[in-house]
**Q** 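Once you've had a glance at the structure underneath, I'll fire off some questions.
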Amino acid sequence: GGGGGDTESTGASSAEADGEEDADGPRGSDGVSDRLYNASAKARVMYSDLADWKKRHGVDPETAVFQIQGGFPTLRKSLKARGWVDNEDPDSPFWDFKYAILKSKIGDFDKLDPSQVANYFQRNSEYTAKRRLCANLHNCVWCTDVDCDNFFPMCFDLTSPAEVEDFEETFKFSKCIALLKRFLSQVNRTRVVRGAGRTTKVPMHRQDVIEMALRICERKLLGIDEVIAHDAGTELQRVTAAEWEVLVTIDIVRPSKPYKPYVRKAKLTAAEQNKKNQKKKKKVDELDDDPEPAGDDGQPPAAGEDDEGPEGGAAGGPVTDGKADPWAEDLVPHVEQVLAQWKVKHPQFDLMGERNLWILKPGGKSRGRGIFVTARFEEAQDCITGAESMWVAQKYIENPQIVHGKKFDIRQWVLITSWNPLAVWFYNNAYVRFSFDDYDAKAASNSFAHLTNYSIAKYASDFDEKRDDTMWECDTEYREWLKEVAQAEGSRYEDPWAQKIQPQMKRIAYWAMQCVQDDVTQRKNSFELVGFDYMVDTNFNAWLIEINSSPDLSYSTSTTRKLVPQVLEDLLKVVVDCEGFVRDPQRRPRPWGKKLLAKCDSGLFELLQPVRRRKEQKMKQLTQNELASLVLAGKGMSLAKPKRQDAAKVADVPVMDAADLLAAADDEPVAEEADATSGGSDEDA
C-alpha cells in the first residue's frame, strides 16, 4: 500500500508525475476507503437534479453535498465537521464538491453544472505531462522575461525532430565541457599500464581529444557577427561529423581508452535492481573477510585502482600522481580561460560535471518507472529510435547537494485556484525525499542511488526498517542542516532555506504556471493541488525537475503522517473560506490586498503575486464571440536608409560586460536580494 498502514489517500495516483493515467490504478488501499456499494442501476432511485436528491435524502437545500473518491479521511472528516453531507454513491452526479484521486473520476467536464466544484482542470497535462511541460517552459522567456535555463535543467522532447537535433548537439557540446573539466582535475595524474613484463606510465588524456574539445568550445563562444561573416555560417558552431566520430568513442572517465562497443540492455525494474544490489553487497562482504583480496592477476589491487565509470569501458591500471606532460601544462591556461568564459555565458555550466550524465524519462509512465541515467550517446539514441519513443532527455544535475551521503529532491505542494486571473497558492512547508542508497555518480545504473521516488525505494530489502529515514521536513530538519552547512562553509547566507532556496522555489512555481496560463481551460469552480519536485545544487540553487498531478498523499513515513493532514485541512481553508468555492459559486472578484489577506486564514498556504492577480482581475475578459471577431490589421511602410550624420556611432553605444555585472550582483547585500526577489511578497515589491 501507499503508506504501509493508514493512509490519507489510496497512495499516489497512477497519474502522478505525468498527468497521464495508466492501467495500474491506485497503489494501495486503507481502512477508510470509499464506501462503494454494488446496487444495480435498476435498483437506484432516479433524481431529477441535486435539489431533488437533497429533498429525497432529507438534506437542507442550503447544506452542501460532497463526494470523495480515493480515501482522504482528513477531507471527509473536515467536510462533515462543516455540516456537509457525504454522497456515498461514486457514480452519482449529484454533489456540490468533489475530490477524486483521478481526473477521470470527475466525469465529463462539459456536463458539469457551473456551480459544481471539482479538484481538477481540463488540459492539466500542459503542466503535468513531461513532454508538454518541457515544451511550455521553453516559451517561458516570452511570458516572464526569464529564460527557463535559469531554473529548469536542459530538457528535450525526443518525439520532436527539431528537439532531437538540439539534444544531439547539446549532448556533444556538454561532453566537450566534461572532457575539459576532467582534464583540469587530472592534469597531474597518469595511469600505470602493466604488460610484457614491464610497467609504463601513460597520460590520462589524449592530446588530440582535449585539443578538439577545446576548439569546439571556442567556436561556440563566437559572436553572431563572426559566425555570419564566416564561410561556414552557423554550421561553424556545430560539432562536425568527423569530430564526433572521434568523440563518441571516448569514455570520459578513461579518456585514453575507447568505450566498449555498445550493446542495448533491458533496464532493470526496482525489484530487479534490489536483487542485483544484494548480490553485490554479499560479494563485497565476502571480500571484506579477506584482508588482502586478490586482483585479476592474483595480486592485491594496487593503491589508487580506478574502476569507476558509467556503462562500458574496461578498467585501466592504477592511477598515480606525477608531473603533467609538457603539452598538458601548456594547455591548462587556455582550457581554464575557455571554461571561465562558459561559466559566465551558460547558466547551467555548474550542472555540467565531469561525466556528462543525462537522465531519460518515458513520457507515458510515472512514479520513476523506466527512468535511467546514462553517459552513452548510443543509449540515449535508443529512446529516439526505439518502439517506445515517447521520451524526454534532461540534463542530470551533476553537482547535487548531498545530505549525509544521500541525494534528495523536495516535494512542494502548490494549489491553483484560477487561471484567469492567475491564482497560485504556495504551501510554506515541504518535505525532502532521500535516495535509499548513498549517492554515487559512478553507479549510474543504480536507481536506488539516483531516484528518490517512494515507489522505487519501497523495493529495497531493508526499506521498512529505514522508512522514516527517507524523508525530512523542510522547515525544521532540512532548514537546520542548511544553517550548519552555511556556517561551516562561510556562506553569506545565515539561513539558506529562508533567504535563498524557498524564495527561488516560489518564483519558479509562479513562472511555470504563467507559461501555461493561456493553454489550460479556465473553469471558475475548479482547483487543483499539484506536487512540484525541486532539486538543490551545491550553490543553494533550486531547480525545477517536474510537476506531478495528484501528488502522493499517503502516510508513507512519519513526516508525511504529520504534513499530509495539515495540507488538506489548509486546502479547504483556501478553497472554501478564502476563495469562496461552494459558499458563493457566482462570487465576484475580491480585492486581495493586505487587509483581506491578513483576515483570510489560509493556513500555511501563501498567495503568490497578489498585486498581479488584482491587475488581471481588472482586465476585461472577452467572450468567445468577441474573441472570434478580433482582426489583425496593419499598414505597409517602406524603410529609408538613415543618413550618415543621423546614424549612431558605435563608440556612443554603451557596452555592458557580463562578468562585471555578475560581480556587482554578488556584492549586493543579502537582505536586499531576499526582499526584492521573494516570489511571495505581500505587495510584490
**Q** Without swapping roles, check the side chain of Gln348 against the backbone of Asn150 for a donor-acceptor pair under 3.5 Å.
**A** no
**Q** Just by distance, do the side chain of Lys98 and the backbone of Gln116 share a donor-acceptor pair under 3.5 Å?
**A** no
**Q** Would you check if the side chain of Ser602 reaches a backbone N or O of Phe605 as a donor-acceptor pair within less than 3.5 Å?
**A** yes
**Q** For Glu616 and Gln609, which I'm curious about, is there any donor-acceptor pair between the side chains at under 3.5 Å?
**A** no
**Q** Would you tell me whether Glu473 and Thr559 have side-chain atoms, one donor and one acceptor, within less than 3.5 Å of each other?
**A** no
**Q** Is there a donor-acceptor pair closer than 3.5 Å between any side-chain N or O of Gln401 and the backbone N or O of Val536?
**A** no
**Q** Give the intermediate values and the outcome of ring pair (Phe, Tyr, Trp, His ring centres under 6.0 Å) for residues Tyr478 and Phe408.
**A** CA-CA 11 Å; Tyr478 179 53; Phe408 69 93; 5.3 Å; yes
**Q** Is any NZ, NE, NH1 or NH2 atom of the basic residue among Asp533 and Arg433 found under 4.0 Å from an Asp or Glu carboxylate oxygen of the other?
**A** yes
**Q** Determine whether the side chains of Lys500 and Asn541 contain a donor N or O and an acceptor N or O closer than 3.5 Å.
**A** yes
**Q** Within the 4.5 Å heavy-atom criterion, are Leu596 and Pro591 side-chain neighbours or not?
**A** yes
**Q** Donor-acceptor check, side chain of Gln394 to backbone of Phe156, threshold 3.5 angstrom: yes or no?
**A** no
**Q** Quick one: does Arg123's side chain get under 4.5 Å of Arg132's, heavy atoms only?
**A** no
**Q** What I want to find out is whether Arg82 reaches Asp577 closely enough, with some N-O distance under 4.0 Å, to be called a salt bridge.
**A** yes
**Q** May I ask you to decide if Trp84's main-chain N or O and Thr63's side chain share a donor-acceptor pair within less than 3.5 Å?
**A** no
**Q** Name the residue from Phe532, Phe151, Trp142, Tyr127 that meets the ring pair (Phe, Tyr, Trp, His ring centres under 6.0 Å) definition with Trp511.
**A** Phe151
**Q** Would Glu546 and Lys361 pass as an ion pair if we require N to O under 4.0 Å?
**A** yes
**Q** Calculate, to the nearest 0.5 Å, the distance between atoms NZ and NZ belonging to Lys599 and Lys594 respectively.
**A** 15.5 Å
**Q** If the condition is disulfide (SG to SG under 2.5 Å), which residues does Cys578 pass it with, not counting sequence neighbours?
**A** Cys600
**Q** Give the intermediate values and the outcome of side-chain contact (heavy atoms from CB on, under 4.5 Å) for residues Cys155 and Lys130.
**A** CA-CA 10 Å; Cys155 190; Lys130 297 180 184 73; over 6 Å; no
**Q** Which residue pairs pass the salt bridge (charged side-chain N to carboxylate O under 4.0 Å, His left out) test with at least one member in residues 512-526, sequence neighbours excluded?
**A** none
**Q** Return yes if a side-chain donor-acceptor contact under 3.5 Å exists between Glu528 and Asn124, otherwise no.
**A** yes
**Q** Does the pair Lys54/Asp60 count as a salt bridge with the N-to-O cut at 4.0 Å?
**A** no
**Q** Is there a donor in the side chain of Gln514 and an acceptor in the side chain of Thr144, or the other way round, less than 3.5 Å apart?
**A** no
**Q** What I want to find out is whether Lys220 reaches Glu169 closely enough, with some N-O distance under 4.0 Å, to be called a salt bridge.
**A** yes
**Q** Tell me which one of Leu571, Val117, Val575, Ile106 satisfies side chain to side chain contact (heavy atoms under 4.5 Å, CB included) with Tyr99.
**A** Leu571
**Q** May I ask you to decide if Met352's main-chain N or O and Asn399's side chain share a donor-acceptor pair within less than 3.5 Å?
**A** no
**Q** Is there a donor-acceptor pair closer than 3.5 Å between any side-chain N or O of Asn119 and the backbone N or O of Ser526?
**A** no
**Q** In terms of side-chain heavy atoms, does Arg612 have a donor or acceptor partner in Tyr510 at a distance below 3.5 Å?
**A** yes
**Q** Verify the distance criterion only: is there a donor paired with an acceptor across the side chains of Asn420 and Gln517 at less than 3.5 Å?
**A** no
**Q** Is it possible for you to check whether Lys483 lies under 6.0 Å from the centre of the six-membered ring of Trp497, through NZ or CZ, and within 45° of that ring's axis?
**A** no
**Q** Take Tyr534 and Asp409 through the side-chain contact (heavy atoms from CB on, under 4.5 Å) test and state the conclusion after the steps.
**A** CA-CA 6 Å; Tyr534 296 93; Asp409 69 4; over 6 Å; no
**Q** Check the surroundings of atom CD in Gln566: do more than 12 heavy atoms from other residues, nucleotides or ligands lie under 6.0 Å from it?
**A** yes
**Q** Does any non-hydrogen side-chain atom of Ile508 lie less than 4.5 Å from one of Phe152?
**A** no
**Q** Please tell me whether Phe167 and Trp358 form a close aromatic pair, meaning their ring centres lie under 6.0 Å apart.
**A** yes
**Q** Does this structure show an ion pair linking Glu606 with Lys506, if we count only N-O contacts that are shorter than 4.0 Å?
**A** yes
**Q** To the nearest 0.5 Å, what is the distance between CH2 (Trp391) and CD1 (Ile371)?
**A** 8.5 Å
